[in-house]
Amino acid sequence: MSPLPLRFYNTLSRQKDHFSPIDPHHIKLYVCGPTVYDRIHIGNARPVVVFDVLVRMLRYCFPKVTYVRNITDVDDKINARATEENRSIRELTDETIARFHEDCQALGALPPDAEPRATDHIDGMIAMISTLINRNHAYVAEGHVLFDVPSFEGYGALSRRSVDELKAGARVDVAPYKKSPMDFVLWKPSAANVPGWDSPWGRGRPGWHIECSAMSRAYLGEEFDIHGGGLDLIFPHHENEISQSCAAHGTDHMARYWLHNGYVTVDGEKMSKSLGNFVTMADLLKTTRGEVIRHALLQGHYRGPLDFSVEALKESEAALNGLYRAVGDDDLATDIAPDAAFLAALADDLNTPLALARLHYLAGAANRGEDGAKESLKASAVMLGLLEGRAKTWFQSPTQSPGQSDAHDALDDAAIQDRIARRNAARAQRDFAAADAIRDELAALGITLEDKAEGTVWRRG
C-alpha cells in the first residue's frame with residue numbers, strides 16, 4: 001500500500017476522492033498527448049509538467065507505475081498542414097514528434113513508459129468499432145460508422161450533461177445520416193489524397209475519440225486507474241472515450257479517476273494568434289531555461305487557471321536561484337526521504353504551490369546550517385522535477401533572462417575565466433582599481449564573482 005494517503009479531485013465524482021488503486025502493486029495511468037502538426041504552446045506544456053509530477057509521486061508511493069501518453073498522428077489538422085507546406089504527412093509528424101520530445105526534455109519531464117502512435121493501432125480501432133456494431137452501440141451510414149449515443153445509458157456522467165440538454169444544444173446543420181444529432185464518428189471515409197486504411201466499411205480513417213480508447217486498452221487493459229488531460233478534453237473527447245470503451249467492454253468504468261488541468265492565459269488574456277500572445281515552447285526556450293518554465297507552471301494549482309507572463313518567469317528564475325544557492329554543490333546523501341510536509345502537500349491533490357512554499361522553508365533551514373536540510377530540500381525538489389542539476393552549472397549557464405531578446409553581450413566560460421585571471425593578477429599587484437573595473441564589467445554582463453578561500457567562483461545572475 002502507499003505510504004501516503006493520496007487524494008485527488010476526481011472529475012467523475014466532482015470531489016476529492018481517496019486514491020484506492022485497482023492493484024496497489026501496479027498503478028496504470030493514461031494521459032492524452034499532442035496532435036502532431038505544430039510545436040506545442042505553453043498551454044500544451046502544462047499537462048506535460050503536471051502529469052510528470054503526478055507520475056513521480058506515484059512512483060515514490062507504489063512499486064510499479066505504467067504511464068502511457070499517446071501521440072495523435074492521424075487528424076484533419078495534420079492533413080491540412082502537410083498540404084499547406086507541400087510535404088508528406090509522415091515527414092511532418094516525425095519532425096513534430098521529435099520537436100515535442102525536445103520540449104519535454106527541456107521541461108525536465110520524464111519519458112512515458114509507452115508512447116503509442118495512433119497509426120500503429122488502426123487494427124485495434126477497427127476491432128473495437130466492429131464490437132460496438134455487433135453490440136448495437138454503433139451503426140454504418142454512408143461510409144461512416146457512428147456511435148449511437150442514446151444506446152449508452154451512462155452518456156454524460158463525466159461532463160454532467162444530460163442527453164436532453166445535449167439534444168437541445170445540437171447544431172441544426174447536423175449530418176443527415178446521423179440517427180441522433182449527438183452521435184459521433186468512429187470511422188470516416190478517406191479521399192485518395194489523405195491517409196486511409198482498408199476496413200469492413202471501406203477505405204477510411206478513425207475518428208479522434210476511438211484512438212485513445214483503443215490505445216489505452218492495448219497498454220493498460222479495459223479498466224485502469226487514472227486518465228488525465230486538459231480541462232478542454234472533458235467534453236466531448238473524454239465523455240466519448242468512456243461511452244465507447246464501456247459499451248465495447250461491458251464495464252462500468254474506463255478509468256476510476258479522471259484528473260484535468262486548468263487553462264493557461266497569457267498576461268490575463270486567452271492565448272490567440274490574432275492577439276499576438278500565442279506563446280510556443282520553441283520561442284520561450286530561446287530566452288528562458290526549461291526549468292524556469294517548469295517552475296512557473298507549478299506555481300498555480302493544476303486544477304485552476306494559470307496566468308503566464310514574463311514577470312512570472314522572472315519570479316521563477318529568482319526563486320530557483322535561491323533554491324540552488326541553498327542546496328549548493330556538496331555531495332549529498334541520496335537515501336534521504338522527501339520532507340514530510342512537502343509530501344503531504346503533494347498527496348493532497350497535487351498542491352504544488354504549497355509544496356513550493358515548503359521548498360523555500362527548507363532552503364531557509366539549509367542556509368541556517370540545520371542538519372539534513374540540504375538533503376531534504378534536494379530530495380523534495382526532485383519530486384517536482386527541480387534542482388536536478390548542479391548549482392554551479394545552473395549559475396554558469398549562458399541562458400538569457402526571461403524576456404530578453406538577444407545575447408549580444410554574452411560571454412562564454414573561457415572569456416569569463418580569462419577576466420577572472422586578469423583580475424587576480426591585478427589584485428596580486430595591488431592594482432585594485434583595475435581589479436574593480438573587471439568586476440564591474442562582469443557585473444554589467446550579469447556575472448557575479450564571489451571571492452572564497454579556495455579561490456574566485458562565479459555565477460550568472
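Since the model is a prediction, treat every value here as computed from it, not as a measurement.
Electrostatic pairing of R81 and D76 does not count as a salt bridge here, judged by no charged N lying under 4.0 Å from a carboxylate O.
In this structure, F278 has its ring center under 6.0 Å from that of H41.
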May I have the step-by-step check of salt bridge (charged side-chain N to carboxylate O under 4.0 Å, His left out) for R7 and D17, ending in yes or no?
-> CA-CA 5 Å; R7 293 197 309 158; D17 288 339; over 6 Å; no
Do K16 and D349 pass the salt bridge (charged side-chain N to carboxylate O under 4.0 Å, His left out) test, and can you show the C-alpha distance, the side-chain angles, and the key distance before you say yes or no?
-> CA-CA 7 Å; K16 283 187 187 180; D349 197 30; 5.1 Å; no
Trace of the salt bridge (charged side-chain N to carboxylate O under 4.0 Å, His left out) decision for R59 with D113 | CA-CA 12 Å; R59 286 179 176 156; D113 298 293; 2.8 Å; yes
Should D329 and K392 be marked as a salt bridge (charged side-chain N to carboxylate O under 4.0 Å, His left out) after you check the CA-CA gap, both sets of side-chain angles, and the distance that decides it?
-> CA-CA 7 Å; D329 268 329; K392 181 178 180 180; over 6 Å; no
Run the numbers on F395 and R325 for side chain to side chain contact (heavy atoms under 4.5 Å, CB included), then give the verdict.
-> CA-CA 9 Å; F395 285 117; R325 288 191 190 99; 3.3 Å; yes
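In this view, E102 and R99 satisfy the side chain to side chain donor-acceptor pair (under 3.5 Å) rule, not counting sequence neighbours.
The distance from the CG atom of L233 to the CG atom of N261 is 8.5 Å, given to the nearest 0.5 Å. Considering OH of Y302 and CG of L350, their distance stands at 5.5 Å, rounded to 0.5 Å. Separating the CH2 atom in W197 from the CE atom in M125 is a distance of 8.0 Å, to the nearest 0.5 Å.
When side chains are defined from C-beta on, H238 counts as touching H227, because their heavy atoms get closer than 4.5 Å.
The aromatic rings of H237 and H209 sit tilted relative to each other, their planes meeting at an angle between 30° and 60°.
The nearest pair of heavy atoms linking A248 to R135 is O-NH1, 3.0 Å.
A cation-pi arrangement is absent between K270 and Y263, since the terminal nitrogen or guanidinium carbon is not both under 6.0 Å from the aromatic centre and inside a 45° cone about the axis.
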